[in-house]
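Scroll down for the structure; my scribbles are underneath it.
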Amino acid sequence: MASVLAVGLLAPSAVAEEPRARDLGVPFHGDPGPLNAITDVPGVEVGHSTIIAGDGPLEVGVGPVRTGVTAILPRGKNSTVPVFGAWATANAAGEMTGTIWLEERGSFDGPVMITNTHSVGVVRDAAVKWLVDKKACCLFYTPIVAETWDGFLNDVNGFHVKPEHAAEALATAKSGPVPEGNVGGGTGMVCAGFKGGIGTASRKVDIGDKQYTVGVLVQCNYGQRALLRIAGAPVGQELATSYLPCSDLPGKAVYKPDRRCVPLDAKKPYEPEGSIIVVIATDIPLLPHQLKRVAKRPTQTIGRMGDISHNLSGDIFMAFSTANPGALDENAPGVQAISAISNSEITKVFEAAVDATEESIVNALVAAKTMTGRDGVTVYALPHEELRTILGKYGRLPAGKAK
């Protein structure tokens, strides 16, 4: 087996070289922040630990390994201040730990961690240790750890994510550009039959005389190919029989030169139901019940993109606000002053969350690279030029971006 590769945040120049959805001409609504990333929200830091090892037939406990951990720190590594937060779900065939106490309390101590389905426990324990060592202020911690299943490419039952990988994601977390695609928790993920993974985006929101930011990070591993829509164009239908997942190992499907594959199971073609995790961050002053409303909005996005939240889909979302830092001291006596926007303004936040989630998903698809994992299974990246051709066919390329 090859050695484990752990990758944290890349330098800004390395990130900038990779095309994103806007670079291909994909049209989006709304005005992004300077990085078009969740880290446009002041204080938010993101880190990844990426684990890639081995090739060939699956040997449980040995590999191949295609997995990792992503960490989101609402106020950065050096803060001990909680944030208001809330969560929601479209279909709950998945896990996000810490949500019961989040619902009751309306706040959490951070961080938010994302990994694969069978590594939630080890990442949760590592996050508890990090909180104990970092904060040492509370009787107990119930960190938020979410997951999607990467067993199509990864030895998910081999338990390859260790505490040191969660620690790596936390230690490398920083502000600035965020690596996307095959990184961190998104390393082995599949989206609509294409390679999926991590994606991020942001939107500016004007409220009163001040400008705020809504940032989103997704781990996308959901959706059926035929239903995928990008910028309103039926990309999944146009590529219904192209770039299909396949394997070159004996007894598996055979890759053909025309880029068509025999389904991995001829009796039941590969139709993943999958899952998606969406984390929404903002510096807008919002109370927990308002954040609950915001956390529900990614359902609008995945519907816009053609998904229907399948039976085995874990579509789980959360939102937090970095405002009100001084009002979250739970040991402070007496009455504390808390600011919040009026509900008459909150539709702007809904719109920003929906738009930024959409762009995050497409950014994940654009950034992801073709990957071969266990049993020689290959999942192809969304082809950039074909995407542009389809967008052009349906009149979705802006002027100046069409060929």
Quiz item: So which heavy atom on Pro27 is nearest to which on Arg396, and how close?
Solution: CG-O, 3.0 Å
Quiz prompt | Beyond-backbone contact of Ser309 with Tyr222, side-chain heavy atoms, under 4.5 angstrom | solution = no
Quiz item: Would a distance-only check, ignoring hydrogens and angles, find a side-chain to backbone donor-acceptor pair under 3.5 Å from His48 to Pro179?
Solution: yes
Exercise. Determine yes or no for a side-chain-to-main-chain donor-acceptor pair under 3.5 angstrom, with Gln219 supplying the side chain and Gly186 the backbone.
Key: yes
Self-check item: Parallel, tilted or perpendicular: ring planes of Phe140 versus Trp101, cut at 30 and 60 degrees
Solution: tilted
Practice problem: Check the pair Leu382 / Lys195 against side chain to side chain contact (heavy atoms under 4.5 Å, CB included), numbers first and verdict last. | Solution: CA-CA 7 Å; Leu382 176 68; Lys195 187 65 188 67; over 6 Å; no
Quiz item: More than 12 foreign heavy atoms under 6.0 Å from NZ of Lys296: is that the case here?
Solution: no
Exercise. Report the C-alpha separation of Asp307 and Arg229 in whole Å, then their side-chain angles, then the decisive distance to 0.1 Å, and conclude whether the salt bridge (charged side-chain N to carboxylate O under 4.0 Å, His left out) test is met.
Key: CA-CA 9 Å; Asp307 191 60; Arg229 303 182 71 86; over 6 Å; no
Practice problem: Ignoring hydrogens and angles, state whether a donor on the side chain of Ser360 or Asn363 is under 3.5 Å from an acceptor on the partner side chain. | Solution: no
Quiz prompt | side chain to side chain contact (heavy atoms under 4.5 Å, CB included) between Phe108 and Ile144, worked out | solution = CA-CA 8 Å; Phe108 69 100; Ile144 294 174; 3.8 Å; yes
Quiz prompt | Heavy-atom side-chain contact between Arg124 and Met113 under 4.5 Å | solution = no
Practice problem: Would you check if the side chain of Lys369 reaches a backbone N or O of Ala367 as a donor-acceptor pair within less than 3.5 Å? | Solution: yes
Quiz prompt | Thr372 backbone acceptor or donor facing Thr378 side chain under 3.5 Å | solution = no
Quiz prompt | Side chain to side chain, Tyr243 and Pro383, heavy atoms closer than 4.5 Å | solution = yes
Self-check item: Considering all heavy atoms, the nearest Pro245-Val379 contact
Solution: CB-CG2, 4.3 Å
Quiz prompt | salt_bridge(Lys210, Asp283) N-O dist < 4.0 Å | solution = no
Self-check item: Straight-line distance of Leu217 CG to Ile114 CD1, nearest 0.5 Å
Solution: 5.5 Å
Quiz prompt | The single option from Asp150, Thr187, Thr115 passing side-chain hydrogen bond (donor to acceptor under 3.5 Å, both in side chains) against Thr67 | solution = Asp150
Quiz item: Which value, rounded to the nearest 0.5 Å, describes the distance between Ile72 atom CD1 and Leu170 atom CG?
Solution: 11.0 Å
Self-check item: Verdict with reasoning, Asp40 to Thr213, per side-chain hydrogen bond (donor to acceptor under 3.5 Å, both in side chains)
Solution: CA-CA 7 Å; Asp40 283 324; Thr213 302; over 6 Å; no
Practice problem: First locate atom CE of Met371, then atom OH of Tyr380, and finally report the distance between them rounded to the nearest 0.5 Å. | Solution: 14.0 Å
Self-check item: Closest approach of Ile280 to Ala295 (non-hydrogen atoms, all atoms of both residues)
Solution: CD1-CA, 4.4 Å
Exercise. Provide the full list of salt bridge (Lys or Arg N to Asp or Glu O under 4.0 Å) pairs with a residue in residues 80-108, sequence neighbours left out, each pair given once.
Key: Glu103-Lys292, Arg105-Asp109, Arg105-Glu330
Practice problem: Taking the side chain as every heavy atom from C-beta outward, state whether His384 and Pro19 have any pair of such atoms under 4.5 Å apart. | Solution: yes
Quiz prompt | Full working for side chain to side chain contact (heavy atoms under 4.5 Å, CB included) between Phe320 and Val44 | solution = CA-CA 11 Å; Phe320 64 81; Val44 174; 4.2 Å; yes
Quiz item: Do we get Arg225 above Phe194's six-membered ring, with its NZ or CZ under 6.0 Å from the centre and within 45° of the axis?
Solution: yes
Quiz prompt | Residues, nucleotides or ligands: over 12 heavy atoms within 6.0 Å of His289 NE2 | solution = yes
Quiz item: Quick one: side chain to side chain donor-acceptor pair (under 3.5 Å) partners of Lys77, sequence neighbours excluded?
Solution: Glu45
Self-check item: Residue pair Asn221 / Cys191, side-chain heavy-atom distance below 4.5 Å
Solution: no
Exercise. Measure the OG1-CD1 distance between Thr99 and Ile316 for me, rounded to the nearest 0.5 Å.
Key: 8.0 Å
Exercise. Quick one: closest heavy-atom pair of Val81 and Pro325, and the distance?
Key: CG1-O, 3.4 Å
Quiz item: Would you say Phe28 and Asn36 make side-chain contact, with heavy atoms under 4.5 Å?
Solution: no
Practice problem: Would you please say whether a donor-acceptor pair under 3.5 Å links the side chains of Glu147 and Thr117? | Solution: yes
Self-check item: Val216 versus Ala356, closest heavy-atom pair with distance
Solution: CG2-CB, 3.6 Å
Quiz item: Between OG of Ser119 and NZ of Lys162, what distance do you get to the nearest 0.5 Å?
Solution: 8.5 Å
Quiz item: What's the shortest heavy-atom distance between Asn116 and Val161, and which atoms?
Solution: ND2-CG2, 3.8 Å
Quiz item: Between Gln290 and Ile341, is there a donor-acceptor pair closer than 3.5 Å when you use the side chain of the first and the backbone of the second?
Solution: yes
Quiz item: If you measure only the distance, is there a donor-acceptor pair under 3.5 Å linking the side chains of Thr148 and Ser275?
Solution: no
Practice problem: Determine, for Arg297 against Glu351, whether the closest basic-nitrogen to carboxylate-oxygen distance falls under 4.0 angstrom. | Solution: no
Quiz item: Using 4.0 Å as the upper bound for N to carboxylate O, is an ion pair formed by Glu59 and Arg374?
Solution: no
Practice problem: Under the side chain to side chain contact (heavy atoms under 4.5 Å, CB included) rule, what do Ile361 and Thr301 come out as? Steps first, then yes or no, please. | Solution: CA-CA 9 Å; Ile361 293 169; Thr301 303; 4.2 Å; yes
Exercise. Please test Lys129 against Asp133 for salt bridge (charged side-chain N to carboxylate O under 4.0 Å, His left out), starting from the C-alpha separation and ending with a verdict.
Key: CA-CA 6 Å; Lys129 185 179 188 307; Asp133 293 343; 2.7 Å; yes
Quiz item: To the nearest 0.5 Å, what is the distance between OG (Ser107) and CG (Leu102)?
Solution: 7.5 Å
Practice problem: In sequence, state the C-alpha distance, the side-chain angles, and the governing distance for Ser339 and Asn324, and then conclude on side-chain hydrogen bond (donor to acceptor under 3.5 Å, both in side chains). | Solution: CA-CA 7 Å; Ser339 63; Asn324 290 300; 3.2 Å; yes
Quiz prompt | Donor-acceptor contact present, side-chain Asn154 to main-chain Arg66, <3.5 Å | solution = yes
Quiz item: Does Val205 have any side chain to side chain contact (heavy atoms under 4.5 Å, CB included) partners at least two apart in sequence or in another chain, and if so, which?
Solution: Ile207, Val214, Ile284, Lys348, Ala352
Quiz item: Between the main-chain N or O of Thr80 and the side-chain N or O of Arg75, is there a donor-acceptor pair closer than 3.5 Å?
Solution: no
Quiz item: Does any donor atom in the side chain of Asn91 or His310 lie under 3.5 Å from an acceptor atom in the other side chain?
Solution: no
Quiz item: Do Asp31 and Arg203 have side chains that get closer than 4.5 Å, going by heavy atoms?
Solution: no
Exercise. Spell out, as yes or no, whether a donor-acceptor pair under 3.5 Å connects the side chain of Thr39 to the backbone of Gly176.
Key: yes
Quiz item: Heavy-atom distance under 4.5 Å between the side chains of Thr322 and Val41, does that happen here?
Solution: yes
